[in-house]
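Working notes, beginning with the structure itself.
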There are 2 protein chains.
Amino acid sequence: MQTDSAPRPTLADVAAKAGVSASTASLAFSGSGPVSDATKARVLTAATELGYAGPDPRGRSLRRGRSGIVGVVLEERVRAAFLDPVKIQTLDGITEGIAPLGAGLLLLTDTGEAGGQAVGIESAPVDAVVLIGCSPRLAHSVEVLRRRGIPAVAIEGKTDEDIPEISIDNRNATRRGAEYLRELGHTQVSLVTLPLDAERTRGPLTAELERDSTTAVATERLAGARAVFPDATGLAAAASSIEEGLEAGRALLADPANRPTAIIAQSDLLAAGVIQAAEELGIAVPRELSVLGFDGIRVDGLQHDLTTLVQPSVAKGRAAGEAIVRMLAGEPAASVAFVSTLHLGDTTAPPHRSTP
Amino acid sequence: MQTDSAPRPTLADVAAKAGVSASTASLAFSGSGPVSDATKARVLTAATELGYAGPDPRGRSLRRGRSGIVGVVLEERVRAAFLDPVKIQTLDGITEGIAPLGAGLLLLTDTGEAGGQAVGIESAPVDAVVLIGCSPRLAHSVEVLRRRGIPAVAIEGKTDEDIPEISIDNRNATRRGAEYLRELGHTQVSLVTLPLDAERTRGPLTAELERDSTTAVATERLAGARAVFPDATGLAAAASSIEEGLEAGRALLADPANRPTAIIAQSDLLAAGVIQAAEELGIAVPRELSVLGFDGIRVDGLQHDLTTLVQPSVAKGRAAGEAIVRMLAGEPAASVAFVSTLHLGDTTAPPHRSTP
DNA sequence: CGGGGTTGTCGAATCGATTCGACCTTCACG
DNA sequence: CGTGAAGGTCGAATCGATTCGACAACCCCG
């Protein structure tokens, strides 16, 4: 046990104690390079005796030019992001993808820099960055990273720069789902969208709101639905959650006289909420109301097998991670477009005519 | 647009271009220190022209001795950890707590170091660390951090060292919940615990399993329940999830002839699963079965108002973050013990006697 | 016995920024 | 007009480790 004031031993101290040069001591730790077993043992012993905990990552990263850290930029606060199972799956995929790097994951938010000394995207010791989602600040983030020379990959985010983009066919997938509903005979269809603008405005889909929408995912999925049901009304949710879906569902289903026979939700959580609202109101799913989701996650506690567009969230993350590994190896990394598949569950059926 | 091979400009380059010394340029960026407005403007202009993106965090952190990063050690892989709402809330609290630091959050797992160059707890450029949960590797992690001289805080983890510990009254809280059940008249009580050992063995609570248990939280809550119902049988779950609770519930409720009138679950997710199992089997909650949870989270999709022991997860995280802020400021930080409160919902009632 | 090759070790330069103390200018006040 | 203070700038040392090229010792084989 050493006193608190004692400065922590450095590699040089260890080298001195072991009677070798700092270079040799470094070699002994990093493993690479020719060092005799005897010397290595001596260095390691000296290190133990001095209570040396291994090379300081700061010095190492300065010299090596690599920090061994990959940044993940979330478009919202941590809590909000991790409430979304899709994001968690994606994050998990990233972890898998960058595993060969042995790098850590640094959580960053692009909420425009708090204090002066804050570690934001402007100044984080990261080797590469994954941008998740498409906030209005995405362009800014990309610009900063370009200046810093840090490779980046975007998941579901359009960028001007030539950074690889991992995406799915949001528009076509939704269109396919919508077409399926039309084939079943639905014509009275309503939509529940993800937040469309940066303010996460909750409310009816107005022309104005749609025009000013800034989030590509919601916009694309909306376009896909509109390609089949051009005049569908709908509601924008403030987040992707069961709670929001429940609220939207209550609003859309409130009026028995003027009720859609099908609802297209832009996420499974929203869909689950809609179903819950239907149950509250005594509306049978799928007999009286068909519900289509998006994501293909397992919603804990949902009794139905949701009809939904299954997207490979984990694979998306993994692809992003792999792209980063390639970029860090100096190889080019291409964009990857995944394809969602329509899963037919038990929440969709032909519309039920109460008055034939 | 510069060629790829061109080395990124450094502070020295900027200084040269602005016609000042490197020291002055540094002052201009860091803000602290006397620099004339004219000079500062000249430096900033030069930086812009050169495409300089600000001081390199690596050099800065080496010199300053601070990286502006706080590590969070999770006891399992990222996916698993973030499936648990309590952990997410805690993480969010930590974010709040360390906000004044403007530090980033680095995710680490203590799964015993992967490759050689991996950024684990052994070599991560962090200023401080929050240890979440009590894995068997906790002692090792703490030892490494002590050697590295990195301040740490443990959430729900007993350590020998004198690091601050943020905890709740797991044992007493559970005991209070159990006493409440006893007061209601229950005597046939079963338990569903969190994983007890590192292997996350799923199965009946045997004396052997209980003796070898390594996770303090589960053990403490178990002891609290046992203080009231010494002979209660039970099942250990492999994780805190609705799925696991469902499975445990099915097993415990399978035999109509020998069925508990109350189940104490060690987490709300497990409790929700148990309730779901009861519904499947046509057992009315709370009339035929009382269910007690732990955590006080809002379980999305659960129709009941769970009777549970509400713990302040966010506050726990915040306290940990604040402790870290204090420690980094050189002040002492004390352990904090939070207290859970028993929330009386609609999932508990006096036992229902089918044969009076 | 000597030359070529291998192996192990060392010195010194380098990564990029920060900071302390010294130095010079300028201004205000006695 | 002189002098002390304040403000602004600079040099040089420093943070801790890595790496390149040089060098010494040693071995094998002709």
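Residue numbers start from 1 in every chain, and the chains themselves are labelled A, B, ... in the order their sequence lines are given, proteins ahead of strands.
- By the side chain to side chain donor-acceptor pair (under 3.5 Å) test, A/Ser26 is found to be paired with no residue, residues two or more places apart in sequence or in another chain being considered.
- Each end of the helix from C/dC1-D/dG30 to C/dG30-D/dC1 yields a helix axis from five base pairs, and these two axes differ in direction by 40° (to the nearest 10 degrees).
- Identified under the salt bridge (charged side-chain N to carboxylate O under 4.0 Å, His left out) test for residues 33-53 of chain B, with sequence neighbours left out: B/Lys17-B/Glu49.
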In residues 321-333 of chain B, what donor-acceptor pairs under 3.5 Å come from side-chain atoms, sequence neighbours left out?
none

What is the per-nucleotide protein-contact pattern of nucleotides 8-20 of chain D, from the 5' end, where B denotes a base atom under 4.0 Å from a protein heavy atom, S denotes such proximity for sugar-phosphate atoms only, and - denotes neither? SBBBBBBBBBBB-

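- Every side chain to side chain donor-acceptor pair (under 3.5 Å) that B/Asp92 has, sequence neighbours left out, goes to A/Arg77, A/Arg79.
- Taking the side chain to side chain donor-acceptor pair (under 3.5 Å) definition, one finds that A/Ser36 meets it with A/Thr39, sequence neighbours left out.
- Sequence neighbours left out, not one pair with a member in residues 20-29 of chain B passes salt bridge (charged side-chain N to carboxylate O under 4.0 Å, His left out).
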Taking only distance into account, with no hydrogens and no angle test, what donor-acceptor pairs under 3.5 Å do side-chain atoms of residues 149-158 of chain A form with protein atoms, sequence neighbours excluded?
from: A/Glu156; atom 1: OE1; to: A/Asn170; atom 2: ND2; distance (Å): 3.0
from: A/Glu156; atom 1: OE2; to: A/Ile168; atom 2: N; distance (Å): 3.1
from: A/Glu156; atom 1: OE2; to: A/Lys316; atom 2: NZ; distance (Å): 3.0
from: A/Lys158; atom 1: NZ; to: A/Glu165; atom 2: OE2; distance (Å): 3.3

